[in-house]
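Down below is the structure, laid out as structure tokens.
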Amino acid sequence: MITVKELYKSFGVLNVLNNINCTIKKGEIVAVIGPSGTGKSTFLRCLNFLEMPDRGIISLDGYTVDVEHCIKKDIYELREKSTMIFQNHSLFANKTVLENMTLPLIIARKMPKKEAQQIGEEILEKIGLYDKAKCYPSELSGGQQQRAGIGRAMALDRKIMLLDEPTSALDPELSGEVLELIRKLANTHDTTMVIVTHEMAFAERIADRIFYMNHGVIVEEGPARQLLSNPQKEETKKFLEYYRKVHRL
């Protein structure tokens with residue numbers, strides 16, 4: 001479903017991604033953990049060309065792009081394979097919750113408004129926001145806003161979902177409701193997910209595998225519980241020990 005080979009990305013003289021190689025199977029959920037500033041979000045953004053990689057090969061759901069030889073059509077086709085959920089919900093402030101659901105369907109998919117509205121209402125029912133359909137984002141709590149952002153991604157019905165620290169801007173209570181929605185989505189949809197997260201307990205519960213990243217490389221990967229309880233690399237051990245000490249686990 002997702003294959004990455006020899007992926008590199010720099011910002012000026014700063015090397016952010018250094019030879020990333022990985023394969024993620026259809027329906028698999030992978031959590032990406034690691035220190036701040038180590039390239040996790042950049043890795044996610046390079047998968048759908050929100051950041052333009054320097055070189056490498058990216059394959060999403062059977063469509064393969066060689067970064068150094070790609071054209072606009074390749075980038076468009078690759079972006080059509082996935083949807084992205086950001087740290088901040090990225091809702092349109094001047095649109096209602098339902099309009100935020102339907103706008104991508106009407107504009108990008110050229111879907112009739114009535115059909116898009118029906119899909120939007122079904123999604124709002126699933127994420128527990130049906131009663132907020134006519135509200136604007138400013139009238140929602142932070143958790144509700146992020147749930148609406150996830151709902152908008154669900155409406156596009158793509159096979160790959162990329163989530164960039166979806167709870168980092170929320171307090172623990174609101175974070176919990178968003179994490180629960182993602183867990184339900186993962187359990188009920190055949191969606192391949194790559195989730196950048198700092199929530200280790202959530203990663204252990206939801207992920208099939210975990211990638212530990214540092215210095216722009218995947219240092220270690222393995223089954224979620226195995227990697228968190230018995231990491232093989234000294235670097236991974238130190239990171240997890242520090243995390244548990246800070247969070248008093």
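Heavy-atom basis, side chains included; hydrogens, waters and symmetry copies ignored.
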Exercise. Are Pro166 and Phe202 side-chain neighbours, meaning at least one heavy-atom pair lies under 4.5 Å?
Worked result: no

Problem set entry | Closest contact, heavy atoms only, Ser82 versus Leu162 | OG-CD1, 3.9 Å

Exercise. Between Lys95 and Asn100, which heavy-atom pair has the shortest distance, and what is it?
Worked result: O-ND2, 3.2 Å

Seminar exercise, completed: Here the gap from Met193 atom CE to Ile2 atom CD1, rounded to the nearest 0.5 Å, amounts to 11.5 Å

Problem set entry | Pairing of Arg158 and Glu80 as salt bridge, 4.0 angstrom limit | yes

Exercise. Do the non-hydrogen side-chain atoms of Thr102 and Lys113 ever get within less than 4.5 Å of each other?
Worked result: no

Exercise. Distance-only, no hydrogens or angles: does the Asp208 side chain make a donor-acceptor pair with backbone N or O of Glu28 under 3.5 Å?
Worked result: no

Problem set entry | Considering all heavy atoms, the nearest Ala224-Ala203 contact | CB-O, 4.0 Å

Exercise. Are there more than 12 heavy atoms of other residues, nucleotides or ligands under 6.0 Å from atom CZ of Phe11?
Worked result: yes

Exercise. Are any side-chain N or O atoms of Thr38 and backbone N or O atoms of Gly34, one a donor and one an acceptor, separated by less than 3.5 Å?
Worked result: no

Exercise. Of the non-hydrogen atoms in Gln145 and Leu140, which two are nearest, and what is the gap between them?
Worked result: NE2-O, 3.4 Å

Exercise. Are the side chain of Asp54 and the backbone N or O of Ser10 linked by a donor-acceptor pair below 3.5 Å?
Worked result: yes

Problem set entry | Side-chain donor/acceptor of Asn18 to backbone N/O of His215, under 3.5 Å | yes

Exercise. Do Ser59 and Thr64 have side-chain N/O donor and acceptor atoms under 3.5 Å apart?
Worked result: yes

For this session: Look only at the side chain of Glu139 and the backbone of Tyr136, and say whether a donor-acceptor pair between them is shorter than 3.5 Å.
Result: yes

Exercise. Is the Lys NZ or Arg CZ of Arg152 less than 6.0 Å from the centre of Phe92's six-membered ring, within 45° of the axis?
Worked result: yes

Problem set entry | Under 3.5 Å side-chain donor-acceptor pair for Glu235 and Asn214 | yes

Exercise. Do you know the tightest heavy-atom contact between Tyr243 and His198?
Worked result: OH-O, 3.2 Å

For this session: For residues Met101 and Glu121, determine if any side-chain heavy atom of one lies less than 4.5 Å from a side-chain heavy atom of the other.
Result: no

Exercise. Could you give the distance from OG1 (Thr192) to NZ (Lys26), rounded to the nearest 0.5 Å?
Worked result: 8.0 Å

For this session: Mind checking the OH-CG spacing from Tyr130 to Leu98? Nearest 0.5 Å is all I need.
Result: 9.0 Å

Exercise. At what distance, to the nearest 0.5 angstrom, does CG of Leu181 lie from CD1 of Ile127?
Worked result: 6.5 Å

For this session: Indicate whether any N or O donor in one side chain lies under 3.5 Å from an N or O acceptor in the other, for Asn15 and Tyr8.
Result: no

Exercise. Taking atom OG1 of Thr197 and atom CD1 of Ile206, what is their separation to the nearest 0.5 Å?
Worked result: 9.0 Å

Exercise. Do Val194 and Val32 come within less than 4.5 Å of each other through their side chains, counting heavy atoms only?
Worked result: yes

Exercise. Any side-chain heavy-atom pair from Arg109 and Leu156 closer than 4.5 angstrom?
Worked result: yes

Exercise. Would you find a donor on one side and an acceptor on the other, under 3.5 Å apart, between the side chain of Asp61 and the backbone of Met1?
Worked result: no

Exercise. Taking Glu99 for the side chain and Thr96 for the main chain, is one N or O donor matched with an acceptor at less than 3.5 Å?
Worked result: yes

For this session: Determine, for Lys233 against Glu220, whether the closest basic-nitrogen to carboxylate-oxygen distance falls under 4.0 angstrom.
Result: no

Problem set entry | Within-4.5 Å side-chain heavy-atom neighbours: Pro53 and Ile58 | yes

Problem set entry | OH/Tyr242: more than 12 non-hydrogen atoms of other groups inside 6.0 Å | no

Exercise. Okay, side chain of Gln146, backbone of Phe86: is any donor-acceptor separation there less than 3.5 Å?
Worked result: yes

For this session: State, yes or no, whether a side-chain contact exists between Ile182 and Leu163 at a heavy-atom distance under 4.5 Å.
Result: yes

Exercise. With the 4.5 Å side-chain cut-off for hydrophobic clustering, are Ile123 and Met161 part of the same group?
Worked result: yes

Exercise. Hey, does the side chain of Gln144 reach the backbone of Ser141 with a donor-acceptor pair shorter than 3.5 angstrom?
Worked result: yes

For this session: Check whether Val67 and Leu44 end up in the same hydrophobic cluster, where Ile, Leu, Val, Met, Phe, Trp and Tyr are linked by side-chain heavy atoms less than 4.5 Å apart.
Result: yes

For this session: Please answer: with hydrophobic residues joined when any side-chain heavy atoms are less than 4.5 Å apart, are Leu91 and Leu103 in the same cluster?
Result: no

Exercise. Are Val97 and Ile106 joined in one hydrophobic group, where the rule is that I, L, V, M, F, W and Y side chains link up if heavy atoms are under 4.5 Å apart?
Worked result: no

Exercise. Should the pair Arg209-Glu221 be classified as a salt bridge under the 4.0 Å nitrogen-to-oxygen rule?
Worked result: yes

Exercise. Okay, side chain of Asn21, backbone of Asn19: is any donor-acceptor separation there less than 3.5 Å?
Worked result: yes

Seminar exercise, completed: Heavy-atom closest pair (Gly149 atom, Ile85 atom, distance to 0.1 Å) is O-CG1, 4.5 Å

Exercise. Do the side chains of Cys70 and Phe49 get nearer than 4.5 Å, heavy atoms only?
Worked result: yes

